[in-house]
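Structure, as structure tokens:
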Number of protein chains: 2
Amino acid sequence: MISRTARYALHVLAILAARPHERLRGEEVAAATGIPVNYLSKILNQLRKAGLVESRKGWGGGFQLQAEAGQRPIRDVLVIFDGLESADRHDCALGRPACDSEHPCAMHDEWAGVRDGFTRMITATKVADLAD
Amino acid sequence: MISRTARYALHVLAILAARPHERLRGEEVAAATGIPVNYLSKILNQLRKAGLVESRKGWGGGFQLQAEAGQRPIRDVLVIFDGLESADRHDCALGRPACDSEHPCAMHDEWAGVRDGFTRMITATKVADLAD
DNA sequence: ATTTCAATGGATATATACATCCATTGAGGT
DNA sequence: ACCTCAATGGATGTATATATCCATTGAAAT
């Protein structure tokens, strides 16, 4: 449902959102989250390319939440790391390609409910809400 | 949420549940489901070991739903292929080990709702309900 | 008995997510 | 100018899920 990498990203954003005006080094974020440093660097880089985070190199450098990023729904983060399909699900629980309201599988309605709850959750929750 | 292998298994059971009194060869099940034959054989074997399916070797052999298997909730199938944790989830959407009602994460309640819907779905739906 | 059929089981291959390593770049301090 | 710091980026390694291959076993037909 949410990949480990996407959860890492959300955890990172939570840390940064808690200190919106500081610049944190990768090492610090790694220490705070427990994410392996090298892997974390890839994640931070993707967040930067996506415009959610700003970075500065060298002495005094580090990462910082981009100004308006706090108001973005965490759905945006899931799209980046797990793709659109994982954020806007309209799949069948049994993987049937032809499952729809006309020809529903045994779990069609219940699964639609589950998906809906998930969608609601990831659109209602904003990055800023994650801050510890 | 549900691994591809578990979905395969459910699809297989759906096929067998539709013809409870016939014995179907692996090849036939593969043709009906689109699951790669060799991989399918592993799945059918696990289902047999778990007592959900009966098999017979050699000429006229094949697979058949075990007598009472139709009444088993599909949760039982998920436990076999994806493990207990995936069926009885009490995890945090953000992966926080210490997330509970005392110290909830930002999505605690919504996620609990999603999990609940899922649990309800997989316990309410029986193997026999999957039959086409 | 022999042949044929189909499940069983073990070993191996592929794809993908997760993780590590190291050389390069750019920015600040001296 | 030079040194140090920390992000960037490319190449490589590891684990797991998914998939394939083939030799063996058991059962029915002849």
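Every chain is numbered from 1 and lettered A, B, ... according to where its sequence line falls, protein lines coming before strand lines.
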Please give, in whole Å, the distance from [N] [atom2] to [X] [atom1]?
X       : N      : atom1 : atom2 : answer
B:Leu78 : D:dA17 : CG    : P     : 15 Å
B:Arg25 : C:dT4  : CZ    : P     : 17 Å
A:Glu28 : D:dC5  : CD    : P     : 15 Å
B:Arg23 : D:dG26 : CZ    : C1'   : 14 Å
B:Glu27 : D:dT20 : CD    : P     : 13 Å
B:Tyr8  : D:dA17 : OH    : C1'   : 11 Å
A:Gln64 : D:dA6  : CD    : P     : 16 Å

To the nearest 0.5 angstrom, please state how far the [atom1] atom of [X] sits from the [atom2] atom of [Y].
X       : Y       : atom1 : atom2 : value
A:Ile15 : A:Leu24 : CD1   : CG    : 8.0 Å
B:Ile2  : B:Ile74 : CD1   : CD1   : 6.0 Å
B:Leu16 : B:Leu44 : CG    : CG    : 7.0 Å

For this session: Please report the shortest heavy-atom distance between A:Met107 and A:Ala93, naming the atom on each side.
Result: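 Taking A:Met107 first and A:Ala93 second, the nearest heavy atoms are CE-CB, 3.9 Å.
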
Exercise. Are OP1 or OP2 of D:dA17 and a side-chain N or O of B:Thr5 less than 4.0 angstrom apart?
Worked result: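 No, B:Thr5 has no side-chain N/O under 4.0 Å of OP1/OP2 on D:dA17.
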
For this session: Check whether any side-chain nitrogen or oxygen of A:Arg4 sits under 4.0 Å from OP1 or OP2 of C:dA19, and answer yes or no.
Result: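 True: A:Arg4 side-chain N/O within range (under 4.0 Å) of C:dA19 OP1/OP2.
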
Exercise. Less than 4.5 Å apart, any side-chain heavy atom of B:Met1 and any of A:Trp111?
Worked result: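 Result yes, sub-4.5 Å side-chain heavy-atom pair found.
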
Problem set entry | Of residues 37-61 of chain B, the positions that come close to DNA chain D - non-hydrogen atoms, cut-off under 4.0 Å |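 Heavy-atom contacts with DNA chain D come from B:Asn38, B:Tyr39, B:Lys42, B:Arg56, B:Lys57, B:Gly58, B:Trp59.
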
For this session: With heavy atoms under 4.0 Å as the rule, sort A:Phe81 into base, sugar-phosphate or nothing.
Result: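 Answer is nothing: A:Phe81 stays at 4.0 Å or more from every strand.
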
Problem set entry | All pairs passing side-chain hydrogen bond (donor to acceptor under 3.5 Å, both in side chains) where residues 74-90 of chain B contributes a residue, at least two apart |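 For residues 74-90 of chain B: B:Ser3-B:Asp82, B:Arg72-B:Asp76, B:Arg75-B:Asp88, B:Arg89-B:Asp91.
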
